[in-house]
2 protein chains.
Amino acid sequence: MSTPGVARQPVEPTAAQQRVITAALTLFAEHGIGGTSLRMIAAELKVTVAAVYHQFHTKDEIIFAAVESQLRRLEDAVERAESEPTTRRARQAIIEGLVELTMGVGRSMSSVLNDPAITGSFSRHAGYRDLLRRLQILLMGEDSSKESRVRIVTLLAALNGTASHPLVAHLDDDTMRRELLNIANQVLARPRR
Amino acid sequence: MSTPGVARQPVEPTAAQQRVITAALTLFAEHGIGGTSLRMIAAELKVTVAAVYHQFHTKDEIIFAAVESQLRRLEDAVERAESEPTTRRARQAIIEGLVELTMGVGRSMSSVLNDPAITGSFSRHAGYRDLLRRLQILLMGEDSSKESRVRIVTLLAALNGTASHPLVAHLDDDTMRRELLNIANQVLARPRR
DNA sequence: GTCTATAGACCGATAGAC
DNA sequence: GTCTATCGGTCTATAGAC
């Protein structure tokens, strides 16, 4: 049976489209979305601009597909966590899943999801909001207070911002993973007061 | 006597230049640096592009001045904290200073300082590195471990990312300030294990 | 200090050959 | 699926009048 829950079945990208998406994500992480042109994407793939346009009809479609691909990875992690037998293990699983996601392309789950060109429109994206809600349940249980919502947003910002910051870019993957795990646990801990 | 320490005396911007900087910061926060053109900045100021070029000779100069202005505000906060009589009060002062900075233009100390178009070059900026080092001393004392450096970067990312995220943009200033203070204390707390 | 006018490069996007 | 060639528009930047 197919997974319901999120009302969106984005067409799976073809292999050629996936190559465009990967190149785009790399360049977005480096120059921002507004600072990345189709020319640059084409150059990264060593083809011409027209060849890229054969895969996607507009730049916006590429941006959308790039965001979707990251959201799909996030959704996979959420689903894996939700299938854990206990809430405790589910919580541990999603934390580890988020850290792994953050270690991805250019050590950023979402230079895309953090770009001002994106956040505005995607904060109204139904699938995105649904994912954040499921994240919240996994991480904070039924505590749906304002504080707990803020904490989720902070967690994502802290993981991404730390992993992608050039001042700690030199840290090896194992160290970074360990640090991100610490950060996640700390941000999610109940304040001591 | 003048303050040594940071080896940079950026020329104070004129009033006209400051207006350009403010407009630029607003637009950068909304569209990213790469997504902001001189046309947009000129339109925001209701003048022509040539008038903007009369204040700054290149777009890079505008970006640089915008970053410098944010760094100067950060430096002011650091200096105020450093002049506190006890380390405990200095620590409290810089935390509050960082939160106030974050509540600034477009609720972001640094859509600028977080933009991929910037971080790369400014992570080699001497003044920037010096500021981070002073921040580290204020917040973690003489603990100059790898973990403590990571923690500073995380703190900045968490504050900025949270304050500027559209999903919590509706929170009123007092609530946001309170949340940011909690976040700061939590990120800086020693892990419980 | 602001304007108009303009230069040359680059932008996103399309047509059509192979 | 990739190319060349081209469109109209916008980009950064400059020259020169007021």
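Remember, it's a predicted structure, so these values are computed and weren't measured experimentally. So that the names make sense, note that chain A is the first sequence line, chain B the second, and so on, each numbered from 1.
Within the structure, a side-chain polar atom (N or O) of A/R39 is placed less than 4.0 Å from OP1 or OP2 of C/dC11.
Distances were taken from every side-chain heavy atom of A/T48 (C-beta onward) to each of D/dC3, D/dT2, C/dG1; the shortest belongs to D/dC3. When distances are taken from the side chain of B/A51 to each of D/dC3, C/dC3, C/dG1, the shortest belongs to C/dC3. The listed nucleotides are C/dC3, D/dT12, D/dT4; the one nearest the side chain of B/Y53 is D/dT12. Here C/dC3 is the nucleotide among C/dT2, D/dT10, C/dC3 with the atom lying nearest to any side-chain atom of B/A50. Checked against C/dT2, C/dA13, D/dT12, the side chain of B/L38 finds its nearest nucleotide in D/dT12. Checking D/dT2, C/dC3, C/dG1 against every side-chain atom of B/V47, the shortest atom distance belongs to C/dC3.
Taking atom CD of residue A/Q17 and atom C1' of nucleotide D/dG1, one finds them 13 Å apart after rounding to whole Å. What separates CD1 of B/I41 from C1' of D/dT10 is a distance of 15 Å, to the nearest Å. Look at NE2 on B/H57: it is 12 Å from P on C/dG1, rounded to the nearest Å. Here D/dT14 presents its P atom at 15 Å from CZ of B/F56, a figure rounded to the nearest Å. In this structure, the CD1 atom of A/I33 is 13 Å from the P atom of C/dG12, given to the nearest Å. Rounded to an integer number of Å, the gap from NE2 of A/H54 to P of D/dT2 is 8 Å. If you measure from atom NZ of B/K46 to atom P of C/dT2, you get 14 Å, rounded to the nearest angstrom. Taking atom CZ of A/R19 as the reference point, atom C1' of D/dT2 lies 11 Å away to the nearest angstrom.
Between A/T162 and A/V168 the shortest heavy-atom distance is O-CG2, 3.1 Å.
Side-chain polar atoms of A/Q136 and A/S148 form a donor-acceptor pair below 3.5 angstrom. Side chains of A/Q186 and B/R151: a donor-acceptor N/O pair is present below 3.5 angstrom, by distance only. When only modelled atom types and interatomic distance are considered, A/S145 and A/D143 share a side-chain donor-acceptor pair under 3.5 Å.
Electrostatic pairing of A/R134 and A/D130 counts as a salt bridge here, judged by a charged N lying under 4.0 Å from a carboxylate O.
Heavy atoms of B/S37 sit under 4.0 angstrom from primed sugar atoms or phosphate atoms, though from no base atom.
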